[in-house]
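Data block below; observations after.
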Amino acid sequence: MSDFPFLSVLTVAPLVGAVVVALLPRSRPTLAKQVAFGWSLLVLALSVVMWVTWQVDGQRFQFHESYPWIPNWGVNFTFAADGIALVMLMLIAVLVPLVILASWHDAESSKRSVPAYFALLLVLECTMIGVFAAADIFLFYVFFEVMLVPMYFLIGSYGGHQRQYAAVKFFLYSLVGGLFMLAAVIGLWVVGGKTFDWVALSEVDISTGAERWLFLGFFIAFAIKAPFFPFHTWLPDAGGAAPAGAAALLVGVLDKVGTFGILRYCLPLFPEAAQWFAPWALAIAVIGIIYAALLAVGQNDLKRLVSYTSIAHFGFIGVGIFAFTTQAGTGAVLYMVNHGLATGLLFLVVGMLIARRGSALVSDFGGAGKLVPVLAGVLFFAGLASLALPGTAPFVSEFLVLIGTFTVNKPVAVIATLGIILAAAYVLWMVQRTTQGTLNPALTEIDGMKRDLNLREKFVVAPLIALIVLLGFYPKPVTDVINPAIQATMEDVGRTDPAPSVDTVQEAGR
Amino acid sequence: MNEFELPPIDYAALAPILIMMGAAVVGVLVEAFVPRRLRHPIQLPLALLAVLAALTMVVLNLDKRLITIGVIAIDGPTLFLQGAILVLSAVALLLIGERAIERGGAFVAQAAITADSPDDRRQAERAGGAGEVYPLVTFAVGGMLVFVSANDLLTMFIALEVFSLPLYLLCALARRRRLLSQEAAMKYFLLGAYASAFFLFGLALIYGFTGGLGDRPAGVDFATIHSAVANSTQSPVLLFAGMALVSIGLLFKAAAAPFHVWTPDVYQGAPTPVTGFMAACTKVAAFGALLRVFHVAFEGARWDFTPVLGVVAVLTMLIGAVFAVTQTDIKRLLAYSSIANAGYLLVGVLAPGRDGLSGTMFYLVAYGFAVLAAFAVVTLVRDADGEATHLSRWAGLGRRSPLYASVFTFILLAFAGIPLTSGFTSKFAVFAPALDGGQAWLVIAGVLTSMVLAFPYLRVVVMMWLSEPGDATPTVTVPGGLTSAALVIGVIATLVLGVAPAPLLDLANGAADFVR
């Protein structure tokens with residue numbers, strides 16, 4: 001079964017689905033939704049089979065496939081997944097059906113074609129899977145850039161207030177990053193002997209100067225995509241303007257391409273440069289944690305608030321990556337998955353609230369829990385998961401990142417811990433001001449607020465809640481997959497975990 | 001005793017040129033003797049047939065590597081570029097021959113009618129378009145075929161004139177907005193005349209420079225220049241001055257800064273099909289000549305001209321990108337975009353070796369198809385007064401005519417260099433050899449200007465899709481068969497060269513050797 005070309009089929013399948021959905025007549029929106037949903041479930045089923053086929057103690061890269069594309073430049077359709085890519089592919093496969101289900105009525109509020117919306121979601125899924133499955137840098141770059149197009153139209157055509165501005169800002173920021181990366185990709189191709197193959201390039205010895213420039217080219221692209229602190233300003237606009245489902249995919253998966261890229265490309269290909277730049281990367285990551293959390297506290301727009309919390313969380317992932325310990329690295333990847341689940345859930349729930357109220361402003365709510373208790377409860381749960389309450393999945397990853405960092409870099413770990421306190425502040429305040437307290441009388445006059453979660457919405461949130469709790473108590477299936485990949489990455493960088501020191505214990509015992 | 005030897009003539013190798021020139025002469029005769037209503041139905045098939053016949057001869061010549069009558073080099077780059085010019089001009093001819101969009105086509109009936117007079121208004125409404133455009137285009141194509149194969153500066157100069165003069169005339173033949181069109185032609189002609197003068201003066205200086213070698217007579221054929229550059233013990237002042245002046249003449253045609261000032265006005269004023277023809281075919285011809293001059297004649301002075309041309313390339317990219325941002329007219333925007341693209345092409349010209357050569361040739365073909373498709377869409381968006389080129393009029397076009405807006409969006413994404421379009425592969429094709437050849441600064445400038453340039457393209461996309469249509473939004477005319485064909489060819493080529501560029505790259509690679 002492991003000979004089955006999982007990755008290429010997974011990449012192409014959503015695209016085929018998108019074409020089918022796009023060809024459906026505009027007058028049959030429900031059919032388009034059903035086809036899109038069914039198709040995404042098909043992709044999920046195939047992904048589950050792939051997950052089961054994965055050999056935990058097997059090679060670092062599995063499901064390797066390669067077909068020639070542009071032989072003149074040494075470009076191949078090479079697909080291969082390591083543990084990190086595998087868990088991200090699973091995250092995509094799980095999130096997309098839920099997002100389609102959650103977006104059931106989103107496209108109708110705009111005057112635009114409903115089938116086109118769902119076709120765009122499937123195109124987005126194709127490019128997202130491709131970007132994680134590619135093991136050829138040219139191919140990765142192609143998916144990295146093409147990914148912008150469906151997202152641009154999702155935000156620009158179906159978004160809310162200020163959608164044009166947000167869509168253009170999103171596109172331009174990402175394109176600028178992408179072009180920096182293009183220069184670095186070409187540079188890497190030249191110094192690496194005219195090949196784009198990841199494995200071949202990871203064995204090339206690059207001079208220190210060139211390595212630092214190339215690292216920088218890739219890093220800027222990924223830092224904009226992730227986004228890290230000084231490059232983050234597009235995300236609140238894009239997240240605030242995008243329809244909730246697209247926003248969930250934007251922060252849940254799209255932004256992970258940045259952190260994934262750092263782990264897959266920046267560290268193994270440019271190990272010395274990565275170590276040289278690590279203090280700077282740690283600095284912007286830590287600044288991001290505190291700064292974004294402070295901004296999140298002050299937000300009055302729910303979707304912008306969630307976007308800022310994501311920037312803070314990306315700071316944690318950045319810290320985990322650049323601490324260069326196995327624990328922190330595993331924590332960072334686990335964080336990528338858990339953040340996708342928790343923030344995805346948060347975005348979807350917030351989207352349901354906004355759809356009922358017709359406004360995204362926190363100040364327009366108040367005491368909503370009295371009207372829609374189940375929805376308020378789910379929001380509370382999603383908030384707690386987002387602030388990494390023990391028992392929810394993000395706790396495991398945040399804890400791993402912090403202890404992994406503490407062993408090598410105490411100040412960073414200590415400052416990052418402050419972010420947890422701020423997280424409690426923004427989440428709890430947000431929950432308090434929207435669903436708790438005295439009921440805002442204006443809410444009772446809105447019909448939407450009288451309807452609690454319907455069956456469709458329950459089907460959206462239930463799997464996510466289940467996964468968050470499950471991975472909170474038993475993360476082993478995921479960490480088992482991630483660990484070998486992280487160990488290999490750390491070996492590439494040339495860092496080994498510090499040996500457990502017993503000095504402090506002895507001193508304490510004296 | 002000096003016996004006069006007849007130079008050997010390979011007629012088969014010259015056939016494409018002879019066919020085009022012959023067809024042009026026949027076209028002139030048709031214009032003179034055939035009744036008016038029959039001219040269009042004869043001229044268009046005649047021109048297209050001539051292009052096809054010439055193309056067939058190019059394909060038959062594909063393995064030829066020779067210099068015939070001493071001045072025409074038939075080698076890989078010549079054949080590749082001649083093929084490119086012929087294919088692109090066939091597509092442009094489809095646009096030029098279109099008569100279904102506007103009654104009588106895009107061209108004025110009689111260029112001599114006073115602009116904005118009652119006569120002029122009458123002709124704009126009803127009269128059939130001028131038939132002279134076909135022989136003019138055919139002459140221009142013939143001149144371009146000579147231009148890219150000229151192996152001596154004098155022949156190159158004659159070819160330059162042969163294809164420039166028809167272009168000046170073609171610019172003046174727009175059916176509507178006659179004043180703008182005539183102004184464009186005048187500007188193009190005057191500046192073009194200066195550029196030709198520069199070229200000729202440079203040629204004379206180079207001739208002087210080559211005179212110093214004892215064993216070889218002075219001359220302006222590329223072999224003589226090449227050996228003079230390598231062996232001359234004279235002061236290089238003559239060489240550098242001559243090289244600079246010749247370059248000015250060529251860079252003018254290529255629309256490189258600071259010799260670009262004519263481009264926006266001419267692109268805007270000329271009839272749109274002619275603009276497309278110029279943007280695609282003139283670019284190929286100008287860069288074909290630049291490649292030959294710098295790769296063959298002045299190869300030995302590479303270290304001397306690279307920094308200067310590099311500065312020109314950076315300036316061109318910068319000016320094209322920055323000014324494109326401020327444009328409000330779609331044709332001017334595309335003009336500045338074509339200037340920026342000239343900058344990217346110059347990066348390819350400066351990339352040493354075969355890879356740079358083949359990359360530049362690939363870029364020329366890819367860009368030609370995309371730009372022809374772009375101008376084809378421009379001819380379709382119109383209201384009662386002709387084409388609606390102001391950008392504000394394009395607002396909400398995506399809602400009115402999703403198909404054509406999608407096509408134009410695709411072309412714009414290609415210009416912006418998004419992968420899976422020819423825009424991306426062609427940028428890669430010139431940037432990679434440039435970086436490989438140690439010209440990292442040019443690549444960085446190219447990448448930075450691409451970022452700037454993405455903004456105007458994106459603005460048009462936003463206009464078309466994300467803005468609501470207003471009352472002023474024109475409808476898209478349903479194109480006739482010819483424009484549809486041109487559009488389909490352009491879009492398919494842009495997609496195919498983006499997704500599967502390998503065959504054309506192979507072809508360009510195999511052709512990347514000059515005969516010397």
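A, B, ... follow the sequence lines: proteins, then strands. Residue 1 opens every chain.
Applying the ring-ring contact (aromatic ring centres under 6.0 Å, His included) criterion to B:F80, with sequence neighbours excluded, gives no partner residue.
Closest approach of B:L435 to A:A183, counting heavy atoms only: CD2-O, 4.1 Å. A:L172 and B:A454 make their closest contact through CD2-CB, 4.2 Å (heavy atoms, listed as atom of the first residue, atom of the second, distance).
Comparing A:V176, A:L148, A:L175 by heavy-atom pairs within less than 4.5 Å of chain B, the highest count is held by A:V176. Contact count against chain A (heavy-atom pairs under 4.5 Å) is highest for B:L505 among B:V447, B:L505, B:L413, B:L420. Chain A forms more heavy-atom pairs under 4.5 Å with one residue of B:V462, B:V443, B:V461, B:L458 than with any other, namely B:L458.
With a threshold of 4.5 angstrom between heavy atoms, A:V149 approaches chain B through side-chain atoms but not through N, CA, C or O. Both the backbone and the side chain of A:L179 come within contact range of chain B, each with at least one heavy atom under 4.5 Å from a heavy atom of that chain. Heavy atoms of B:V452 lying under 4.5 Å from chain A are absent altogether. In this structure, chain A has a heavy atom under 4.5 Å from the side chain of B:L448, while its backbone stays farther away. Of the two parts of A:F180, the backbone and the side chain both hold a non-hydrogen atom closer than 4.5 Å to a non-hydrogen atom of chain B. Both the backbone and the side chain of B:A429 come within contact range of chain A, each with at least one heavy atom under 4.5 Å from a heavy atom of that chain.
Sorted pairs that involve residues 406-417 of chain B and meet salt bridge (Lys or Arg N to Asp or Glu O under 4.0 Å), not counting sequence neighbours, are lacking altogether. Applying the salt bridge (Lys or Arg N to Asp or Glu O under 4.0 Å) test to every pair with at least one member in residues 402-422 of chain B, sequence neighbours left out, gives no pairs at all.
Aromatic ring centroids of A:F144 and B:F424 lie 6.0 Å or more apart.
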Got a list of the donor-acceptor pairs under 3.5 angstrom between chain B and chain A?
unit_1, atom_1, unit_2, atom_2, d
B:D436, OD2, A:K194, NZ, 2.5
B:W465, O, A:R112, NH1, 2.9
B:W465, O, A:R112, NH2, 3.3
B:L466, O, A:Q164, NE2, 2.6
B:V499, O, A:W69, NE1, 2.3
B:D506, OD1, A:N72, ND2, 2.7

